[in-house]
Protein chains: 2
Amino acid sequence: MDSYPKVVSQPSEGRMQTCDRLLDVSERLFAERGFRATSVRDITSEARCNIAAVNYYFGGKDNLYREMFRRRLRALREERIESIRRAVDQDGATPSLEGLLRAFITTFLRPLADESADRFYFQLISRELVDPHLSPDIFLAEMIEPVQNAWTHALRAVMPDLDERSARLCFHALVGQLLHVVKVQKLLGSQGQKEQWSAQELVEHIVRFSVGGIRACLPASCP
Amino acid sequence: MDSYPKVVSQPSEGRMQTCDRLLDVSERLFAERGFRATSVRDITSEARCNIAAVNYYFGGKDNLYREMFRRRLRALREERIESIRRAVDQDGATPSLEGLLRAFITTFLRPLADESADRFYFQLISRELVDPHLSPDIFLAEMIEPVQNAWTHALRAVMPDLDERSARLCFHALVGQLLHVVKVQKLLGSQGQKEQWSAQELVEHIVRFSVGGIRACLPASCP
DNA sequence: AAGAGTTTGAAACATGCGTATGACTCTGTC
DNA sequence: GACAGAGTCATACGCATGTTTCAAACTCTT
């Protein structure tokens with residue numbers, strides 16, 4: 001599409017290329033401050049390069065944002081779908097609802113680990129959902145829809161009596177919990193708040209809550 | 001605190017005062033576009049007054065935002081707490097979990113009605129959670145904490161076997177669902193998406209899901 | 001009617017923004 | 001050694017922003 005140098009030379013260079021530093025720094029700053037609150041000067045300053053580099057490599061701030069976002073989107077999506085798939089046909093015979101949930105939740109929260117390369121991506125997605133700067137179908141078509149489809153399909157394999165509309169609603173109920181709990185956790189942490197939860201505790205709670213929630217959505221009560 | 005005119009004269013004037021027009025317009029624009037993307041010129045232009053009015057009445061853009069936010073905060077909080085209280089001791093005898101949930105969810109979603117005076121407030125809160133522009137304790141102390149306390153208290157009255165930590169987590173799970181489902185609904189609506197849910201359907205689903213979720217968080221399984 | 005106090009108005013100010021330009025350095029090729 | 005091209009740099013342009021200024025217009029009391 002565009003004809004900017006992008007990553008022309010192979011990444012064999014020992015030192016990090018300007019292009020990658022821009023992507024890394026902008027990922028962190030966009031996540032921490034948001035798109036508009038992050039200036040090109042902030043980014044290039046922290047990336048130790050000239051202002052013109054953004055336009056030279058990406059052709060503008062918007063394109064930098066888009067490329068930064070796309071960079072991790074595919075990998076993250078595939079990781080989630082793959083984890084769903086594995087949870088369904090892991091034990092061959094009877095996959096459990098709880099196993100499916102635990103697998104998805106764990107994978108979903110993995111980027112929050114402190115050492116994770118995409119630990120800023122979570123905040124970035126939260127921002128993009130509330131205040132989109134990408135053409136909406138990018139995130140919808142390349143993330144939400146595929147994952148939702150995989151999950152809904154897996155869920156209905158585990159619980160055939162659940163109708164599809166309910167299954168999709170359950171998916172959003174689950175994702176809503178995940179996004180919100182992380183947000184609240186961070187909000188309470190920034191304050192000198194006493195009440196906190198460990199990651200382990202959060203996962204366990206969401207698993208239990210969602211197992212109960214999904215079971216309750218069955219037409220009649222069954223196992 | 002500040003010594004700006006604020007609403008000095010009584011609101012007996014037939015025509016709307018500049019001050020109120022500024023609050024109304026800014027509420028809508030801040031909700032639709034976000035804080036930074038809304039300029040003072042945009043606001044004063046739509047409010048049909050001079051740019052200087054914002055600084056004259058509020059002393060700056062930030063204060064306008066804060067006052068606009070505070071204006072509805074107390075009423076909304078009291079409405080939610082009151083609805084919780086009413087749900088608990090309505091029938092005198094045994095309040096039901098489902099009744100408590102339905103009451104809270106309905107009240108929570110009420111501002112989304114098209115004619116509601118605070119129909120923009122929902123989006124505003126979503127934005128403020130992800131990208132805060134108020135000192136954090138304002139929203140935490142004047143909204144989240146009081147409502148969470150009321151709800152947790154009511155929930156434990158209905159289900160005494162539920163421990164407090166779980167009850168608080170259940171609260172956030174519920175709010176997370178509510179905020180996210182609205183977001184997704186809007187996202188799908190902006191696209192030419194086939195799948196949509198009616199407000200009625202959403203409420204019913206969240207009630208069922210949450211009733212099941214909360215029951216599943218009990219230490220041992222009981223009625 | 002006069003004058004004090006309040007509210008509006010047009011214009012300007014300083015700042016920060018995204019982007020563009022042209023010169024410079026470095027590296028590899030002939 | 002000359003050349004070409006990629007990358008970097010300081011700098012500047014045009015524009016939008018929040019805020020300020022100060023005079024004009026209005027409102028109300030006396």
Side-chain angles (χ1 to χ4, degrees), chain A residues 1-27 29-30 32-69 131 133-134, chain B residues 2-27 29-30 32-69 131-134:
Chain A
M1 34 186 70
D2 304 317
S3 62
Y4 296 97
K6 299 277 177 66
V7 193
V8 173
S9 57
Q10 63 271 30
S12 61
E13 286 285 333
R15 63 192 174 80
M16 204 179 215
Q17 292 302 107
T18 304
C19 198
D20 294 324
R21 286 204 316 270
L22 280 174
L23 287 171
D24 288 343
V25 168
S26 66
E27 183 171 335
L29 293 187
F30 282 142
E32 284 173 352
R33 315 177 186 175
F35 181 77
R36 295 189 80 107
T38 305
S39 73
V40 175
R41 284 169 176 82
D42 290 339
I43 296 170
T44 53
S45 157
E46 293 218 19
R48 282 165 292 111
C49 66
N50 195 263
I51 314 182
V54 164
N55 289 282
Y56 179 75
Y57 282 105
F58 299 96
K61 187 187 181 185
D62 299 86
N63 289 342
L64 167 61
Y65 182 81
R66 183 159 43 81
E67 292 307 314
M68 174 276 295
F69 207 93
D131 192 29
H133 291 278
L134 272 45
Chain B
D2 305 316
S3 61
Y4 296 97
K6 300 274 177 69
V7 191
V8 173
S9 59
Q10 63 272 29
S12 63
E13 287 287 333
R15 62 189 175 78
M16 206 179 212
Q17 293 301 108
T18 304
C19 199
D20 293 324
R21 285 204 316 271
L22 281 174
L23 288 171
D24 287 342
V25 169
S26 66
E27 183 171 334
L29 293 188
F30 282 143
E32 285 173 352
R33 316 177 185 175
F35 181 76
R36 295 190 80 107
T38 305
S39 73
V40 175
R41 283 170 177 82
D42 290 340
I43 297 170
T44 54
S45 156
E46 293 218 20
R48 281 164 294 111
C49 65
N50 196 263
I51 314 181
V54 163
N55 289 281
Y56 179 75
Y57 282 106
F58 300 96
K61 188 187 180 185
D62 299 85
N63 290 341
L64 167 61
Y65 183 80
R66 182 159 43 81
E67 292 306 315
M68 174 276 294
F69 207 93
D131 192 30
H133 291 278
L134 272 47

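First the proteins, then the strands, lettered A, B, ... as listed; each starts at 1.
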Value in whole Å for how far the [atom2] atom of [N] lies from [atom1] of [X]:
{"X": "A/Arg33", "N": "C/dC17", "atom1": "CZ", "atom2": "C1'", "answer": "15 Å"}
{"X": "B/Leu29", "N": "D/dT17", "atom1": "CG", "atom2": "P", "answer": "12 Å"}
{"X": "B/Tyr57", "N": "D/dT20", "atom1": "OH", "atom2": "C1'", "answer": "17 Å"}
{"X": "B/Asn63", "N": "D/dG18", "atom1": "CG", "atom2": "P", "answer": "14 Å"}
{"X": "A/Tyr56", "N": "C/dT19", "atom1": "OH", "atom2": "P", "answer": "17 Å"}
{"X": "A/Leu64", "N": "C/dG18", "atom1": "CG", "atom2": "C1'", "answer": "12 Å"}
{"X": "A/Phe58", "N": "C/dA20", "atom1": "CZ", "atom2": "C1'", "answer": "18 Å"}
{"X": "B/Asn55", "N": "D/dT20", "atom1": "CG", "atom2": "P", "answer": "6 Å"}

Do the side chains of [Y] and [X] get nearer than 4.5 Å, heavy atoms only?
{"X": "A/Ile51", "Y": "A/Ile43", "value": "no"}
{"X": "B/Leu134", "Y": "B/Tyr65", "value": "yes"}
{"X": "A/Lys61", "Y": "A/Phe35", "value": "yes"}

Do the side-chain N or O atoms of A/Ser39 get closer than 4.0 angstrom to the phosphate oxygens (OP1, OP2) of C/dG16?
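It does not, given that no N or O in the side chain of A/Ser39 lies less than 4.0 Å from OP1 or OP2 of C/dG16.
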If only side-chain N and O atoms of B/Thr18 are considered, is one of them under 4.0 Å from the OP1 or OP2 phosphate oxygen of C/dT7?
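Looking at the OP1 and OP2 atoms of C/dT7, neither is under 4.0 Å from any side-chain N or O of B/Thr18.
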With sequence neighbours left out, what residues match B/Ala52 under side chain to side chain contact (heavy atoms under 4.5 Å, CB included)?
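So B/Ala52 forms a side chain to side chain contact (heavy atoms under 4.5 Å, CB included) with B/Asn50.
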side-chain hydrogen bond (donor to acceptor under 3.5 Å, both in side chains) partners for B/Glu46, two or more places apart
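Scan of B/Glu46 (side-chain hydrogen bond (donor to acceptor under 3.5 Å, both in side chains), adjacent residues dropped) gives B/Arg28.
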Measuring from A/Phe69:CZ to A/Ser26:OG, what's the distance to the nearest 0.5 Å?
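Answer rounded to 0.5 Å: 12.0 Å.
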Close residues, residues 46-54 of chain A, relative to DNA chain C [heavy-atom separation under 4.0 Å]
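Residues of residues 46-54 of chain A under 4.0 Å from DNA chain C: A/Ile51, A/Ala52.
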Quick check: any donor-acceptor pair below 3.5 Å linking the side-chain of A/Arg41 to the base of C/dG18?
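A donor-acceptor contact between them is present.
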Bend angle of the helix from C/dA1-D/dT30 to C/dC30-D/dG1, end axes from five pairs each (to 10°)
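The helix from C/dA1-D/dT30 to C/dC30-D/dG1 shows an end-to-end axis angle of 10°.
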Taking salt bridge (Lys or Arg N to Asp or Glu O under 4.0 Å) as the definition, give me every residue that meets it alongside B/Asp62, ordered by chain and number, with sequence neighbours left out.
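Not a single residue meets the salt bridge (Lys or Arg N to Asp or Glu O under 4.0 Å) criterion with B/Asp62.
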So B/Thr44, base contact, sugar-phosphate only, or nothing? Heavy-atom distance under 4.0 Å.
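Here B/Thr44 touches no strand at all.
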Sequence neighbours excluded, every pair satisfying salt bridge (charged side-chain N to carboxylate O under 4.0 Å, His left out) that has a member inside residues 35-44 of chain A:
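The answer is A/Arg33-A/Asp42.
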B/Ala47 to B/Arg21 - nearest heavy-atom pair and separation
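Of all heavy-atom pairs spanning B/Ala47 and B/Arg21, the closest is O-NE, 2.8 Å.
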